[in-house]
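Down below is the structure, laid out as structure tokens.
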Number of protein chains: 2
Amino acid sequence: MVSSRGGRPRRKRAGQYHHGDLRRALIDQALRTIDKHGVEGLTLRAVGEALAVSRTALYRHFSDKQSLIAAVAREGFRTLRLDLLAAWAREGHGEAGFQAMGQAYLAFAVARPSHYRVMFGRFVESKACDPELVQEAEGAFQALVDAVVAQQREGLVRRDDPVMLARFVWSVVHGIAMLTIDGQLPPDDGAPGRLSRYASERLRAAVAVE
Amino acid sequence: MVSSRGGRPRRKRAGQYHHGDLRRALIDQALRTIDKHGVEGLTLRAVGEALAVSRTALYRHFSDKQSLIAAVAREGFRTLRLDLLAAWAREGHGEAGFQAMGQAYLAFAVARPSHYRVMFGRFVESKACDPELVQEAEGAFQALVDAVVAQQREGLVRRDDPVMLARFVWSVVHGIAMLTIDGQLPPDDGAPGRLSRYASERLRAAVAVE
DNA sequence: ACCTGAACACCGTTCAAGT
DNA sequence: ACCTGAACACCGTTCAAGT
């Protein structure tokens with residue numbers, strides 16, 4: 001995180017350049033704003049102001065606002081992938097590890113709902129234009145596929161097409177994540193937690209051998 | 001649909017009022033715009049222009065843009081509920097009916113992705129402010145719960161808490177819907193269709209008795 | 001190369017004024 | 001009651017100009 005001391009906009013002397021990794025600073029600041037105020041609260045002018053930089057300085061590093069948002073989404077998929085792999089490894093690459101992956105996934109979405117929404121919400125139109133984003137998203141999904149294949153080898157889950165099976169699991173977990181962060185479950189009720197436990201149990205039954 | 005002939009903005013004579021059900025016309029026009037250009041493409045100015053009305057006429061019927069969007073979301077939940085009930089009834093209130101509900105749900109989302117996104121996407125902050133929207137959303141969910149209870153009576157699905165079971169099913173179907181309309185499945189591949197068939201089969205296993 | 005400020009074409013919303 | 005146009009405070013983006 002490249003931040004000014006105390007999080008305040010830096011005082012700027014005339015004629016001075018940013019002279020740091022402005023690209024990095026822009027992404028970090030955008031992420032901070034998105035986490036705090038959502039994507040719809042993200043303005044390039046405010047980002048520039050927070051970094052004590054002109055509101056058009058950004059165009060040296062990003063072609064437009066969408067491309068900045070895409071960079072934020074990319075970071076999200078990267079963090080998500082690392083979280084998933086850590087959970088899977090921590091619990092020993094088996095049934096428990098798979099369940100931990102699900103929990104890690106939901107924990108990510110609940111901790112950073114706005115960030116999660118940016119990753120999936122079609123804020124980047126035609127992702128064909130951002131192959132790095134597609135690649136990062138596929139990397140996160142691959143962690144799930146790998147875990148499925150590993151369990152198939154151990155005879156822990158049925159031997160269907162692992163990609164299809166992983167997509168099914170992803171749907172469940174993504175569905176719960178979205179319903180939770182979009183406030184579709186009764187609030188202040190522990191509903192998300194109970195649903196995720198129940199879903200985990202039913203999901204295990206769905207992917208069981210025979 | 002209250003439309004001008006040919007879909008063109010109507011010519012307007014000076015001093016003339018709209019004198020129809022402007023509220024209704026505003027919702028229809030907003031829905032049309034959202035379906036065509038997404039929520040982010042919705043501007044109150046364009047809505048007014050399309051209806052040959054001042055861009056502030058809207059404020060007589062809605063407190064702000066959000067409240068117009070909320071009305072569109074409400075319509076969506078109503079249509080979704082009717083679609084679900086029709087599918088359930090058409091296939092005879094059993095296993096086939098339940099599967100048809102799932103297909104109807106996905107068909108709705110795929111046919112009107114932007115509308116579907118508006119229904120769930122937190123465009124209305126703090127839905128407590130729009131109790132009618134909450135009510136309509138709950139109505140759609142209730143159709144699902146009722147179908148679960150009916151199947152439990154027939155011994156077709158396990159006798160867990162029907163609300164919890166319905167939330168689980170909803171998660172799966174909502175997850176597939178979102179991944180599909182957000183372009184997270186490989187395009188031009190029939191992947192959404194195959195996933196939905198596979199998920200339907202696995203889901204049946206997940207909710208089966210014993 | 002990297003940054004700047006003025007300018008342009010947009011927004012949602014408010015409000016005094018009209019019928 | 002319902003509608004209007006001007007005005008206000010915002011946007012993202014472009015561009016000639018600076019270092």
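Computed from heavy atoms alone, side chains included, the values below leave out hydrogens, waters and symmetry copies.
Not less than 6.0 angstrom separates the ring centroid of B:Phe98 from the ring centroid of B:His93.
The side chain of A:Ala57 lies closest to C:dT4, out of D:dT4, C:dT4, D:dT13. The side chain of A:Asp64 has D:dT13 as its nearest neighbour among D:dC3, D:dT13, C:dT13. In this structure, the nucleotide among D:dC11, C:dT13, D:dT13 sitting nearest to the side chain of A:Thr43 is D:dC11. Candidate nucleotides D:dC11, D:dT4, C:dT13 were compared by shortest atom distance to the side chain of B:Lys65, and C:dT13 ranks first. Side-chain atoms of B:Ser54 lie closest to D:dT4 of the nucleotides C:dA6, C:dG12, D:dT4. Taking the side chain of A:Leu22 as heavy atoms from C-beta on, and the options C:dG12, C:dC3, D:dC11, the nearest nucleotide is C:dC3.
Taking atom NE2 of residue A:His37 and atom C1' of nucleotide D:dC11, one finds them 17 Å apart after rounding to whole Å. The nearest whole Å value for the distance from the CG atom in A:Leu51 to the C1' atom in C:dC2 is 15 Å. Atom-to-atom, CD of B:Glu40 to P of C:dC10 comes out at 18 Å; the value is rounded to the nearest Å.
For the pair A:Glu75 and A:Arg24, the salt-bridge criterion is met [side-chain N within less than 4.0 Å of a carboxylate O]. The residues A:Arg204 and A:Glu95 are annotated as salt-bridged, a charged nitrogen and a carboxylate oxygen being separated by less than 4.0 angstrom.
Under 3.5 Å, the side chain of A:Arg55 and the base of C:dG5 form no donor-acceptor pair of N or O atoms. Between the side chain of A:Thr56 and the base of D:dG12, no donor-acceptor pair under 3.5 Å is found.
With a 6.0 Å radius and a threshold of 12 heavy atoms from other residues, nucleotides or ligands, A:Glu132 has its CD atom at or below the threshold.
The residue B:Leu42 sits close only to the backbone: its heavy atoms come under 4.0 Å of sugar-phosphate atoms, none of a base.
Among residues at least two apart or in separate chains, side-chain hydrogen bond (donor to acceptor under 3.5 Å, both in side chains) pairs with a member in residues 99-113 of chain A are A:Tyr105-A:Tyr116, A:Tyr105-A:Trp170.
In this model, no donor atom of one side chain and acceptor atom of the other lie less than 3.5 Å apart for B:Tyr59 and B:Asp64.
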Both atom distances under 3.5 Å, Watson-Crick or G-U wobble: I'd like the secondary structure of DNA chain C as a dot-bracket string, with | for pairs made across strands. ||.|||||...|||||.||
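For D:dT13, one of the phosphate oxygens OP1 or OP2 lies less than 4.0 angstrom from a side-chain nitrogen or oxygen of A:Tyr59. Contact annotation: A:His61 reaches the phosphate of C:dC3 (side-chain N/O to OP1 or OP2, under 4.0 Å).
Panel note: side chain B:His115, backbone B:Val72; a donor-acceptor pair is recorded below 3.5 Å.
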